[in-house]
Structure formats: structure tokens, C-alpha cells
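The structure under discussion appears below in the form of C-alpha cells.
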Number of protein chains: 2
Amino acid sequence: MKIKKEVTIYDLAKELNYSPSTISRALNNHKSISKKTIKVIKEAAKEMGYRPNNLAAGLRNNRSNTIGILISRISRPFQASLISGIEETARKAGYSVLISQSNDKYENEVSNTNALYDSRITGLIVSLSMETVDMSHFQKFIDKGIPIVFVDRVPDNFNSYKVVIDNYTAGYSATKHLIEQGCKRIAHFAGAQHRNIYEERKKGYLDALKEYGLPIEKDLIIHFKTLSFEEGNKATKKLLKMSNPPDGIFSSNDTAAVSAIMCAKKMGVDVPHDLAVIGFNDDPIASIVQPSLSTVSHPANKMGAICARRILDHSVQNYDTDLSEITVLGTEIIVRDSSLKKVSVLESKQSR
Amino acid sequence: MKIKKEVTIYDLAKELNYSPSTISRALNNHKSISKKTIKVIKEAAKEMGYRPNNLAAGLRNNRSNTIGILISRISRPFQASLISGIEETARKAGYSVLISQSNDKYENEVSNTNALYDSRITGLIVSLSMETVDMSHFQKFIDKGIPIVFVDRVPDNFNSYKVVIDNYTAGYSATKHLIEQGCKRIAHFAGAQHRNIYEERKKGYLDALKEYGLPIEKDLIIHFKTLSFEEGNKATKKLLKMSNPPDGIFSSNDTAAVSAIMCAKKMGVDVPHDLAVIGFNDDPIASIVQPSLSTVSHPANKMGAICARRILDHSVQNYDTDLSEITVLGTEIIVRDSSLKKVSVLESKQSR
DNA sequence: TAAATTTATGCAATCGATGGCGATACCTAT
DNA sequence: ATAGGTATCGCCATCGATTGCATAAATTTA
């Protein structure tokens, strides 16, 4: 097969009798090139099918107009939305997006970090793997002034940009909601406690219990490894078989919450009356399961957009590695059927 | 903030008193460099924190070891799994992955195509946008010998690599399954007919009806624009209000199928006894909805892996643009509750 | 021991785009 | 008409890695 030669600015230069510099400047709308010349050059470029070589420009400028993403799993709804938000924002600004997934393994995170570094990305957006504790693989970015934005699963021992939701308040509100619905013994599906998000959700849960004078029972706090459907099933079964089972569950994600609902139904436990359930994330499954799952909604797409903005707006001049710039987003409790023990205020008023 | 200087092969060369050529060759395990030298150089490289500059290498070699992905929406479960499969395979081979989404708009597809081209990707994996008809924006890749793999939503007027499932057989089998369950009037939720996947699913549906001597009723074939939840709701409502409503629905995706189930339940129509439903894709919601949704499962992750392999194994020498190399994957009918009118063979035997 | 190989390494050009600095032509004001 | 501006544009070095060709050293063969 015959391969067409690439059209470069040199070809354009020869064709139009200009120097390559002028071609380059014209294509970049440099002010020292006359409008007429710019027009001529751009038209010829289009005509001849010229396409810039980002590798060459990137090498010369030492930047690639590329944002790197490092997440655990693309196929999780939250992370997919996050990527989507990043991609849209980046694309609009003329940036490309490199993705990589760690599958929640530290080892993959390290090697992907290196691969992204080698591609000379403009900035890096990271949601930490479940395993990550040591953060030294990120140091090289800092040393080079390449901004890192940690999102959702962020470290607390590393200064950088961070974009998170208020997990504490979300956990507190979710628990409070269950309490207000009349729950007295609320269980919690907790995630790995070295990851901020799970730790804070749990803290919110604990504080809500305290606030309302409910006892904290160790047996009702289940520590999950992955918050999977299977784990949720097992935990729910165990909880419901207790002599004194809980009347509410606050789960750190929707997958486990949905499994709890389905497990309870199978065991003949009525949701929400015998067991109210609230999840976290507002995944698509939340509104499909019956009874529909109350949950905490994450502005995932928006978080992605903010992360990308952070990179795009980053200026090396003001980069201060001694502090973290944290963006905290609010969440929203989505009340559906799985937690509605009482008729709503509105309905109760009407029924008088 | 102070920015650390990059370590290059020139720095290594100076430090070790070798020429940059030797450094380069040593790092790439070139055979003409002695093992001893390679070891020394590699150790020094690690020591000094050397990291290759992919931009420079890419410019020189005119290839970037990067695979470009162009899909419609990352946040659709099927596409997310597809990306995941691509990423895993590419990463293992030392390739990076650039993503972009068209949001099903032709215009975005064209501009993203250009952006990916400018990044000098090694190959391109595409699932066409809903709108795409004209294919000329892909020509420049062909001209340069850059392989394109179309996946799932593929063109039929453009020669290239293609990776698809057997949509016709899947549509046929899904319909046949409903017929075997005793359905006599089966409706079909069809997608945009200029996209192969929807066209073929419909063909399979039609042929199954013919095969079993069932009449084809135009009123029972609904052409959707996006196969969204809302569209599904509207269509189902309309169908069930007919004087002679259908007793089965074969939907071209799960979202619309789930909406049909939920709508039917709301209208007091029993699923599956009054209305059997089967979807397509096996999204997570399929196993959550009640009754659980029978569907056609797609090997999304595997498809992604195959696409990536196609790019990695591509050899310019044998690239024949006059023919298409098509990989067709099988699908599987997942029978759940939404289509099970009859007790299964196994159960009926046991009940004797 | 001289010649022929083999092994190990260096020289220098190259990939395409960019931008500092300098050069030229054209204008305006005095 | 001359000095000082300004608008346009070209020369050339540069970014970091790669590789064909040449060369030098070590080893084998005749």
C-alpha cells in the first residue's frame, strides 16, 4: 500500500514562497503577520491538506496539550461520568485526554503514572486506587511543575489540587434522614477506611447517631473490602439474622445498597418499613430497583469539568506546593422509596 | 516554584562518557551494545531519574504508540466496557489511549477525528455517531496507512477492519425466544435504521416472525430516535392502549426495555404473562429491575480487546484497503424473568 | 603474524514546529 | 528630506530520541 507523504509547514513554505517561520506564525495567528498573508497561508494549508504535527509542537514547546487521567475503573458509572466531564471541557479548550485505569491496584497506578509522565502531559487527574498509600510516584510531576488534581479519592498527606464532595456532610445527612424516618438501629456499610471518602462518610454517620442520642453499635458497622454486590448480600443476610436486626442501612455505595434491598425482599423483610435503605452515588440502578433506592447524588460530570478547569487554569508561577487547594462540592440527598417510612410532610398535611 | 530540569539521554551521555547514540541504544536493548554497558546505563538512568520523552521519540519515528478512541458516550455501560477492554490490552503492549466522545453528533466526530490525527495516533477505534453518514473524515487515516477499526456501529460503505456482534442472529434469537414463550403479537423497539446494528436487529426480528408464520404489523414496530427511557415510556403507553395490544416486546436496548417493564407495571399489565419483554446489551439495570430483564449480552470487554489487537497487529505491508476484515462475535440470550411465560423445561419435568 | 571478522561505539543528520533576534520596506512627523 | 516607528517576514538554533554509516577495538582465522 502506498502511503501519502505528510504535508508540513516546509511544504507550505516552498509552495507559497514564505519561510517556515511565517507559515507557523500565520497558522497560529501571530500578530506580526499581516491579515492578508494569514488568509493566503491558511487557505493553502487547507487546500493542501496540512495538519499540524502535535508531536513536533509538543517537543518544541515541552508540552503536549494533553490531560492525563488515572482512575480505578472506567466502567463504574461515577468514574465514567467523571471522565466524560473532563473530556468535554478539555476538548473545548483544544486539549486531548489520555486515560488509564489502575483496576484498584497500586502497581498499575505506579506504572500508569510513569507512562503518562513519559507522554509529557500538561496535567494529571487522579482518583487513587484502593490500595495506594505511598505517594512518591507522583513527586516527579510536582518537581516539574505539572499540576495534579486529585478527585474523589484523594490523599491527605500530599499537597495538591483536590476536588471532592463533602463526604462527611453527605454521610451525616443520609444518616439523619434515616433517623428522621424513625430508624433507631442504623447499620453502616463502610468502605476501606484509609480512603478518605469512606472514612468521612462513616464519620458523618457516627456523628449523626451521636447527635440524635442513638447508641453506636460495633456490630452494625460492616467494613467492606470492595462494596460489591456479593459482599452486600452477605452482610445483609448476616445483619437480618441477628436477634436484634437493624431497621436501617446507610451504605457507602449503591451497589451494596441495592443488594441489601434485594436480599431483604428475598428474606421477607419489608423495605422500607422494616428496613430503610439509603445508598451513595445515584447510579442508574438506584432508580430502577424496587423499591427505588434513596441515595446521595454526586455531581460527577461537574466534578470532571472542574478538574479539567484546574489543569487548564493552572499557572506555574503561582504554584505553591506547600498548600492544597481544595474544591468541595455539595451533594444532594435523593429521597426515593427505599427510605420513606413516613408519608412526606406535604402528603401528611394534605391528609388532614 | 522552581522547576527541575528534565534528564535527557544527553545528560546521561555526559555523565557516563558515552555518546547519546549509545545511551539510546542501550535503553532500547539494541543488540550491538554490550550487556555490561546496557546494565551500567540502565542503572544510571534509573538513578538519575531519567524518563523517556515520548514526544521526541514519536516525532522521530513518526508514530506515537497511542491508540485513539472515538465513541459516542463514555457513560454508556457498553461503551465504558469497550474502552476498558481497549485500555487494558493497549497498556499491556506499552501503548497509551486517547479518548474522545462525539455525543452522537457528526460535527464532533469530525473535529475529534482531526484532533486524533494531529496527535499522530498509531491506530483509531471508532463507534460511529448516530448522525454519521458521510465518511470522508476518515480518509486521511487510510491515506497514511493508519489502521481504523470500526466497532459495533460500523459503516457498510467503507472498507476497513470491523468488529461487530452478530446483530441479525441476536435479533432473530431474541424474537424466537419470545415466540417460543408463546407470544403472538410481538412489538419491536427499533433504533435509527441507518445504523447497522439497529437495522440488523430489526431484520432478525422480521425474519423470526416470518419463519414462525406470524404476521408483521407495522403498528407494532416503533422507530426510536435515541432509545431513551422517556421514549420507551411513551411508546409502551401507546402500545398498551391499543385495542389489541402486543403480548411481547423486543427492544433494541435495555434502557427502553426497562422503561417498558416499569410502564407496564404501572399500568397494571403483568410482565411477563401479559407482556413478555426482552432487551439488548445486558446493562447493570437489566438484572436489577423487577421482574429482571431478559436480554442479549454483548462481550463488550472482549470486543475492546480485539479492536486493540487489530491495531497492534496491523502491518502496513499487508494493508489492503479494497476489502474489509470483519470479526463477528457471538452473543448470548440471557433469559431472566421478564420473558419467562412458561416454566422452564427443567422445572416442568420436575413437576411431573 | 597479518588479514578478516566481529563487537562496540561515535558522528551527524533527521523528524516538524517554534520563536528570539535581526533585517527590510514602508510610513509618519518634524 | 531625515530620523524614528512600525509592520512583515526570514535565519537559525532548539526540543530529545533515533539510526545509517563510519570507525575503532577486540577477537578469530588463515
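Throughout, protein chains are lettered first and strands after them, A, B, ... in sequence-line order, and every chain is numbered starting at 1. Owing to the predicted nature of the structure, the values given are computational and were not obtained by experimental measurement.
Side-chain N/O atoms of Ser34(A) and base N/O atoms of dC9(D) include no donor-acceptor pair closer than 3.5 Å. A donor and an acceptor atom sit less than 3.5 Å apart, one in the side chain of Ser21(B) and one in the base of dC11(C). With hydrogens and angles ignored, no donor-acceptor pair under 3.5 angstrom links the side chain of Thr22(B) to the base of dG10(C).
For His194(B), there are no ring pair (Phe, Tyr, Trp, His ring centres under 6.0 Å) partners, not counting sequence neighbours.
Here dG16(C) is the nucleotide among dG10(D), dG16(C), dG10(C) with the atom lying nearest to any side-chain atom of Ala56(A). If you check dA17(C), dG10(D), dT14(C) against the side chain of Ser19(A), the one that comes closest is dG10(D).
Using modelled atom types and a 3.5 Å distance limit, the side chains of Thr22(B) and Ser19(B) yield a donor-acceptor pair.
If you look at Tyr117(A) and His137(A), their ring centroids are not closer than 6.0 Å.
A sub-4.0 Å separation between OP1 or OP2 of dG10(C) and a side-chain N or O of Tyr18(B) is absent.
Shown are Phe138(A), Phe141(A), Tyr161(A); of these, the ring-ring contact (aromatic ring centres under 6.0 Å, His included) with Phe150(A) is made only by Phe138(A).
The salt bridge (Lys or Arg N to Asp or Glu O under 4.0 Å) pairs that include a residue from residues 100-123 of chain B are Glu6(A)-Arg120(B), Arg51(A)-Asp118(B), Arg73(B)-Asp104(B), Arg76(B)-Asp104(B), Asp104(B)-Arg153(B), where partners are two or more places apart or lie in different chains.
Of the residues in residues 23-32 of chain A, those with a non-hydrogen atom less than 4.0 angstrom from any atom of DNA chain D are Arg25(A), Ser32(A).
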